Amino acid sequence: MSDQLPIIVLIAPLFGALLVGLWGMRDHRACYPLVFTALLTSVTAAVAILFRVVNHGAIDYFVGGWEKPLGLGIQLRIDALNAPVLLIITVVALLVSFFSIRRTGEEQAEKTPHFYILFLLLCTGLCGITITADAFNLFVLVEVSSLSSYGLVAMGSNKRGTMAAFHYLLMGTVGASFYLIGVGYLYLKTGSLNMQDFHDILRNNEAIRDSKAITIGFLFMLVGIWIKMAFFPLYGWLPNAYSYAPSSSSSLLAPLMTKVSVYVMLRVMISLFGLEWVFVDLGWSHLVVWLAVVAILAGSLLALGQRELKKMLCYLIVVEVGYMVGGAWLADPNLWGMTGTIYHILADALMTLALFLAAGNFARHLGAVELKDLDGVFRKMPLTSLGFIVAGLAIIGVPPTCGFFSKFYLIRGAIEGDHWEFVVALLVSSLVSAVLFFRIFEIAYFGVKPSDGHGHAHTHEDAYSPEPTQQGRVGDLTLLRREAPLTSLVPLLITGVLIVALGLANGPIVAFIRTFLETLPHGPAL
Amino acid sequence: MILSFDIILLVFLVVAAIISLSVKDLLSASMIFGIYSFLICLLWADMGAVDVAFTEAAVGAGVSALFLIATVYNTKRSSSD
Amino acid sequence: MIAKIYATIAVFITGSLLIYGVSDFPRFGDARSPANAGVEGGAGSISEYYITKSYADTKVPNIVTSVLADYRSYDTMFETVVIFVAGMSIFAILRTFRSGAPLVENFRKDDSFIDGDHQRIIVGTTCRLAVPVVQLFALYVIAHGHHSPGGGFQGGVLLGASYIILALADDLAAALRRLSEARYLMLAAVGIAIYSGLGFLCMLLGQNFLDYGVLEAVFRTDGPEMARSHSMLGVEIGVAATVMAIMFAIYANLASKGTLKKAL
Amino acid sequence: MDNFFQESIAPHFNFWVYVVIMMIGLWAVIAKNNLIKKLIGLSIFQSAIILLYVSLGVKDGAAIPILPHHEEHADAAAPDAGQAAPAPDAVPVSESHRGADHADYAVDPATIVNPLPHVLMLTAIVVGVATLGVALALAQRIFAEFGSLEENELLIQLKAEPTDE
């Protein structure tokens with residue numbers, strides 16, 4: 001049974017969703033135990049896979065048993081690139097499932113089983129995207145995860161969420177269709193859909209390698225993935241979709257969807273085309289790094305201008321995506337940029353999760369949507385604020401946390417690849433995020449100065465309907481300990497610990513990533 | 001795969017697509033979209049893709065045109081552009 | 001107005017890039033093109049393998065069905081999951097249990113000929129005659145998917161359409177009496193359970209997921225090929241169940257604005 | 001101009017039309033003001049991709065991808081009993097193949113259309129309808145809450161209210 005691990009990671013949430021569909025519909029109390037067991041199984045399977053990959057190298061799994069010739073059936077492949085990503089997806093899903101137990105007035109109670117079905121099928125889709133080695137299968141799984149994310153975004157009672165979901169659907173479908181056009185162009189020139197087979201054909205055929213259709217196919221796949229990733233010029237859908245979605249949905253989507261799309265870009269660059277072709281034959285790396293620089297600076301400035309907490313976090317996601325895309329395309333001699341990007345996928349997933357869990361707690365229990373509503377929140381919700389501080393410091397890049405190390409490797413790659421504009425962008429955006437978070441810490445610790453606004457936090461009874469406060473209005477600054485309940489607090493604190501742990505354990509993780517990157521022929525210098 | 005039949009169908013296809021997008025009344029836009037789906041189903045049958053033609057006829061022309069009409073019925077029939 | 005300018009610019013750039021790529025395509029209808037006859041240096045042409053050996057592997061004359069349900073059945077499973085997710089998303093978005101969303105008057109007032117009595121008799125009887133025939137044909141399409149064009153999806157849509165015809169002829173309540181909401185949600189989950197359960201069964205018997213050859217012990221056939229053919233039929237039935245339930249669910253929610261009371 | 005037509009448009013005619021249809025769809029998705037029209041544009045955009053895939057699998061004079069079903073004990077002489085593939089004008093599978101022993105039914109791949117794009121496009125059609133269904137549900141909910149499906153009116157309403165709601 002142990003060599004069936006890749007499928008168990010995927011089948012557990014799928015069967016969990018079916019059981020919720022069959023049993024949970026009738027008895028809503030049975031929903032959460034099913035979700036928990038499904039996600040626990042897939043977390044353990046993901047850990048077992050990581051150990052197998054570390055010890056024995058890549059795992060190949062042929063669904064349906066069709067091995068020869070390559071590409072006949074669908075092949076799943078797990079190597080050093082996607083084993084950690086798979087583990088992060090399952091861990092984040094498990095943590096968010098704790099957070100989603102107490103879904104207050106945001107969604108009607110009758111839709112609990114449907115929320116959990118969409119939740120589990122999103123995890124199935126994301127795990128499937130991570131492990132598949134077949135280009136068309138990746139499209140089908142992108143559609144599974146996208147459709148469930150449209151449902152999750154539009155599920156809440158906030159009417160702006162519906163509008164945001166509609167635009168998200170339009171751009172997401174156009175993005176997935178661009179990816180499909182790319183796969184069509186590649187299939188047309190090589191006749192194969194399997195990533196390994198395509199890579200061999202590209203390596204053995206000079207004529208195909210520099211044919212126009214392959215270049216255009218790669219361009220359209222890239223643009224499609226960039227739309228799904230909300231890379232700078234194509235990010236229009238992300239801020240509204242994630243800030244007006246119910247907090248349990250946004251804390252699941254924000255950490256995972258964009259990071260998995262970054263992983264898909266890396267998989268396409270490394271396994272499908274090979275870094276040699278992408279960096280040397282193609283030669284777009286300078287242009288893309290400049291695009292990433294624009295993404296980072298614009299995202300940071302837009303984040304400065306936001307009045308809503310979640311909107312600001314969404315623009316921070318756009319900045320982080322700029323880091324990762326820029327890092328991947330640095331084309332520096334010994335691939336430190338790529339190492340930084342892979343490490344940053346793991347780090348950023350945890351950081352974004354902690355931020356959105358904290359924002360979700362603030363919104364649920366204080367009705368705090370805008371920055372000025374967070375006055376004196378350190379005293380009201382000390383533990384949630386602790387989690388928020390750790391995540392904020394990680395985004396800024398303070399040493400013990402993982403944020404610092406990913407920036408360290410990205411800057412090192414940028415220096416070696418002499419992309420000084422990328423180094424400048426990284427430093428400027430770190431400064432801007434420092435300003436962002438300390439502005440919030442100042443409001444949260446000292447409370448809003450009486451001069452600007454009379455400290456009145458207009459609670460949003462209809463939108464988020466927090467439980468009625470025990471005494472008086474939230475506005476008066478009496479010491480009011482209203483910490484979030486345990487189930488929405490524990491995941492935040494665990495994530496905080498994981499952020500610091502990931503930072504401290506960056507040595508072995510980066511060594512593991514480097515062994516994988518060493519094997520790739522990628523450029524003239526190495 | 002009769003080339004002349006194929007070319008005629010493609011021309012009708014482009015015309016149906018343009019009309020379906022430019023007509024103001026949403027109900028007739030949905031119906032012309034149904035015609036578009038039937039034309040493309042004929043095209044698949046002509047190109048030898050019989051399974052795709054069957055699916056396009058059942059799923060494309062039949063059900064998606066119906067969903068469009070159901071939605072137009074429950075919202076507004078006239079569109080501004 | 002700006003949107004139109006953006007649109008023309010985007011369309012111009014995308015179109016010219018696509019046409020730049022098209023100039024490199026093989027001739028239309030060329031039997032020796034890479035997609036049809038493969039390229040040296042790779043693992044050989046997959047489509048030629050399908051054409052020449054799929055009958056030997058799976059005893060199914062319809063190559064598309066054999067590729068769909070056996071070689072790439074993992075794809076088709078997730079295709080069914082896509083439909084299931086669409087049904088659940090629509091339920092989550094549109095379904096309202098209160099007295100109904102704020103009823104914005106739609107245009108039914110100005111053309112009332114639809115509710116005339118004579119319409120009820122003509123349409124009602126023709127639909128009641130058509131429904132059993134459509135369902136019989138749908139079952140034929142599912143069962144005969146091995147030998148003729150057709151299969152799980154097409155059959156499932158036809159079955160769903162037969163219930164929709166019923167809803168159009170009388171009213172949604174009549175169709176819901178025959179296929180209630182609880183039942184079609186359960187049927188959708190059962191469909192995928194059949195599909196992935198069959199795949200899981202192959203795993204229990206020691207092979208990889210969805211490797212039907214090992215099921216010859218279960219189906220007691222004289223070779224793995226016939227076992228593949230029978231399990232493909234089982235998979236098609238699972239797909240048909242899910243597609244039928246979800247197509248009717250989508251129609252019921254869209255037509256009645258999620259209230260499942262008065263509809264089209 | 002004439003050789004340009006012969007040399008680059010005629011052999012790729014299907015692919016040129018697929019680009020034209022796709023651009024009509026993409027233009028509509030971005031430029032149209034009414035949400036339902038945007039969705040019709042989206043469906044046209046997706047059906048153009050299906051046109052790309054199916055037309056790259058077409059072979060001149062090829063039969064449909066259903067092997068003429070031969071009985072287990074098919075003797076070479078008996079013509080196929082009406083089971084021949086009903087391709088529009090396909091070359092009937094020549095007699096030489098009838099003689100092959102019926103264990104491995106040798107078929108010349110050039111006479112049968114490439115089945116792989118058809119399988120992929122079954123998935124794409126079904127995904128297109130699923131997306132259309134979810135989008136129409138969203139459109140109905142938007143209409144129920146905002147009272148209109150026109151993009152400009154919706155934006156005015158969104159800007160009008162304070163963002164706290």
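Since we're looking at a predicted model, the values are computed, not measured. Residue numbering restarts at 1 for every chain, and letters A, B, ... go by the order of the sequence lines.
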Q: Quick one, D/E151 and D/L35 - any side-chain contact, counting heavy atoms below 4.5 Å?
A: yes
Q: Counting heavy-atom pairs under 4.5 Å with chain D, which one of C/I250, C/L254, C/L68 comes out on top?
A: C/L254
Q: Answer with side chain, backbone, both or neither: which region of D/L120 has an atom nearer than 4.5 Å to a non-hydrogen atom of chain C?
A: side chain
Q: Tell me, side chain or backbone of C/P149 under 4.5 Å from chain D's heavy atoms, or both, or neither?
A: both
Q: Anything under 30° is parallel, anything over 60° is perpendicular, the rest tilted; go ahead and classify C/F25 against D/H12.
A: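 Judged by the thresholds at 30° and 60°, the geometry between C/F25 and D/H12 is perpendicular.
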Q: Take C/D30 and C/N36 through the test side-chain contact (heavy atoms from CB on, under 4.5 Å) and record every step on the way to the result.
A: CA-CA 8 Å; C/D30 158 23; C/N36 300 337; 5.9 Å; no
Q: To the nearest 0.5 Å, what is the distance between CE on C/M232 and OG on C/S73?
A: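 Separation between the atoms: 9.0 Å.
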Q: Rounded to the nearest 0.5 Å, how far does OG of C/S196 lie from OH of C/Y74?
A: 12.0 Å
Q: Need one label for C/S23: side chain, backbone, both or neither, based on atoms under 4.5 Å from any heavy atom in chain D.
A: backbone
Q: So, taking the atom named CE in C/M244 and the one named CD1 in C/I164, what distance separates them when rounded to the nearest 0.5 Å?
A: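 Taking CE in C/M244 and CD1 in C/I164, the distance rounds to 11.0 Å.
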Q: For chain C, which of D/L136, D/V129, D/V134 has the most heavy-atom pairs under 4.5 Å?
A: D/V134
Q: Determine the option with the most heavy-atom pairs under 4.5 angstrom with chain C, choosing from D/S55, D/A139, D/A110.
A: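 So the answer, after comparing D/S55, D/A139, D/A110, is D/S55.
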Q: Considering only heavy atoms, which portion of C/S148 lies under 4.5 Å from any heavy atom of chain D: side chain, backbone, both, or neither?
A: backbone
Q: Which residues pass the side-chain hydrogen bond (donor to acceptor under 3.5 Å, both in side chains) test with D/E150, sequence neighbours left out?
A: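 Expected list: B/S80, D/N34.
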Q: For C/R27, is it the side chain, the backbone, both, or neither that has a heavy atom closer than 4.5 Å to a heavy atom of chain D?
A: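 For C/R27, backbone and side chain are both near chain D.
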Q: For the interface with chain C, which of D/V119, D/V20, D/L26 has the highest count of heavy-atom pairs at distances below 4.5 Å?
A: D/V119
Q: Below 4.5 Å, heavy atoms only, C-beta onward: do D/V126 and C/V243 meet side chain to side chain?
A: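 Contact flag for D/V126/C/V243 side chains = no.
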Q: Determine the option with the most heavy-atom pairs under 4.5 angstrom with chain D, choosing from C/L18, C/D75, C/I5.
A: C/L18
Q: If you tally heavy-atom pairs under 4.5 Å against chain D, which of C/V157, C/V64, C/V82 wins?
A: C/V64
Q: Using non-hydrogen atoms only, which part of D/L52 is less than 4.5 Å away from chain C: side chain, backbone, both, or neither?
A: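 Only the side chain of D/L52 comes within 4.5 Å of chain C.
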Q: If you round to the nearest 0.5 Å, how far is CD1 of C/I83 from CE of C/M88?
A: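 It comes to 12.0 Å.
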Q: Heavy-atom distance under 4.5 Å between the side chains of D/Q46 and D/L132, does that happen here?
A: no
Q: Taking side chain as everything from C-beta outward and backbone as N, CA, C, O, which of these in C/N62 sits under 4.5 Å from a heavy atom of chain D? Side chain, backbone, both or neither.
A: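 Backbone plus side chain of C/N62, per the 4.5 Å heavy-atom cut-off to chain D.
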Q: Given the options D/A28, D/G133, D/P117, D/P65, which has more heavy-atom pairs under 4.5 Å with chain C than any of the others?
A: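 Sorted descending by pairs with chain C, the first entry is D/P65.
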Q: In terms of heavy-atom proximity below 4.5 Å to chain D, should C/M247 be classed as side chain, backbone, both, or neither?
A: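 The side chain, not the backbone.
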